[in-house]
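Encoded as structure tokens, the structure appears first; notes follow it.
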Amino acid sequence: MVILTQLIGRARAAWRVLWRSRQLEREMQDEMRFHVDMEAERLRRECGLDRTEALRLAHIHFGGIEAHKEAGRDARGRRWIDALATDLRLGVRMLIKYKGLTFVGGLAMAVAIGIGATAYEVLNEMLTPALPFDQGDRVVSVRFPESSASGERDVLRDVREWGGRLKSIDDLAAFRTIQHNLIAPPAPPEPIQLAEITASGFAITRTRALHGRPLLPSDEAADAPPVLVIGYQAWRMHFTADPHIIGRVVTLGGVATTVVGVMPDGFRFPVDH
Amino acid sequence: MAESADLLPGTLDMLVLKAVSLGKLHGYGVLLRIQQITEGALQVQQGALYPALYRLERQALIESEWGTSDNNRRAKFYRLTPAGRARLGTEAASWNRLAGAIAAALTTTRGEI
């Protein structure tokens with residue numbers, strides 16, 4: 001309990017030192033003045049000296065007032081605050097005096113901060129990459145754990161079932177890559193890489209088609225006609241950027257498929273975006 | 001005046017605590033009391049009292065308040081705190097131990113070695 005009151009006492013003293021230094025100075029002056037006067041009075045009384053002589057002797061007995069005041073300030077613990085304040089003032093004055101140095105130093109700090117921030121961004125991207133879509137950081141990939149019991153699983157059925165039930169996920173899409181032969185006269189037949197994907201995949205990317213439309217949920221119906229959405233590069237390479245591409249029927253893996261959309265340049269989802 | 005000894009550092013603080021323990025005093029009163037209780041055997045440069053007082057106050061061993069002196073002048077009075085009283089006790093004990101040890105050493109005669 002003694003320690004607590006002692007701490008409080010010290011805190012209060014430190015507070016006074018910080019904010020009432022002028023008052024403390026005045027008080028110190030008053031105290032020392034009082035002391036010297038009392039001593040002078042005693043000397044007059046006991047030694048019969050006159051006023052000026054008593055005062056002079058009293059000052060001698062007291063010692064150098066300024067030295068004692070300095071020691072007093074030290075004892076109050078004001079030294080380090082004074083030193084800090086002086087250093088700060090000096091520092092600011094120097095900054096103003098050597099403007100060129102200040103400017104260069106500030107510039108260096110700005111560059112360093114910029115580099116640091118960039119590095120952080122890069123690291124952030126590397127560790128938690130986001131797909132470059134609208135709100136791409138919200139796109140996650142969901143993995144289904146292998147369960148040996150079910151064998152070949154009907155992923156599409158799972159996606160349909162779970163897509164509806166999962167609360168933390170808005171759109172769930174599934175795809176698989178496959179290779180088919182594309183027959184699109186007048187180009188010669190050639191095999192191309194495809195992704196068979198649920199229409200929700202396009203919903204996730206929130207990217208508008210360059211021409212036509214992306215896949216829609218209506219295309220997933222069992223009786224819907226086979227449709228195809230092609231990428232920009234494919235449009236230029238295989239279809240020579242035909243402006244009338246939409247609605248054109250090609251043969252894909254032996255099935256007549258209608259091209260319904262072309263995606264913009266750079267769109268390579270889901271394989272390589 | 002009898003021969004007077006110089007004060008060892010740290011003993012001034014102890015004397016101030018002792019002086020204040022005997023009753024509330026202003027700075028000059030502390031000086032007079034020290035002269036009184038040491039029977040004038042110790043020389044204290046009067047101004048050196050104040051750094052000591054401030055130091056002790058900062059350690060919350062004494063506390064101060066402004067009041068009026070006997071001759072109706074404004075003066076700052078100092079008083080011992082409970083912590084100060086405890087410190088005075090421990091300081092006095094260790095001083096006595098030290099003094100006793102030195103006294104014993106100094107009175108060792110040739111035969112006792």
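Throughout, a chain's letter reflects where its sequence line sits, starting with A, and its residues are numbered from 1. Just so you know, these numbers use all the heavy atoms, side chains as well, and skip hydrogens, waters and symmetry mates.
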Under a 4.5 Å cutoff for heavy-atom pairs, which residue among [options] has the most contacts with chain A?
{"options": "B:Ala86, B:Gly47, B:Gly84", "result": "B:Gly47"}
{"options": "B:Leu49, B:Thr81, B:Asn71", "result": "B:Asn71"}
{"options": "B:Gln46, B:Lys76, B:Arg73", "result": "B:Gln46"}
{"options": "B:Ala83, B:Gly29, B:Pro82", "result": "B:Ala83"}

Could you walk me through whether A:Glu31 and B:Tyr50 pass the side-chain hydrogen bond (donor to acceptor under 3.5 Å, both in side chains) test, one step at a time?
-> CA-CA 9 Å; A:Glu31 252 193 305; B:Tyr50 290 93; 5.1 Å; no

Of all pairs that satisfy ring-ring contact (aromatic ring centres under 6.0 Å, His included), the ones with a partner from residues 52-88 of chain B, not counting sequence neighbours = B:His26-B:Phe77

Is the A:Phe62 ring parallel, tilted or perpendicular to the A:His68 ring (thresholds 30°, 60°)?
-> perpendicular

With no hydrogens and no angle check, do the side chains of A:Thr52 and A:Asp50 hold a donor and an acceptor under 3.5 Å apart?
-> yes

State whether a side-chain donor-acceptor pair under 3.5 Å links A:Glu27 with A:Gln23.
-> yes

Under 4.5 Å from any heavy atom of chain A - which part of B:Leu61 = side chain

Residue from A:Met38, A:Met28, A:Lys69 scoring the most non-hydrogen pairs under 4.5 Å with chain B is A:Met38

Structural part of A:Glu41 lying under 4.5 Å from a heavy atom of chain B | side chain

Which residues share a ring pair (Phe, Tyr, Trp, His ring centres under 6.0 Å) with A:His61, sequence neighbours left out = none

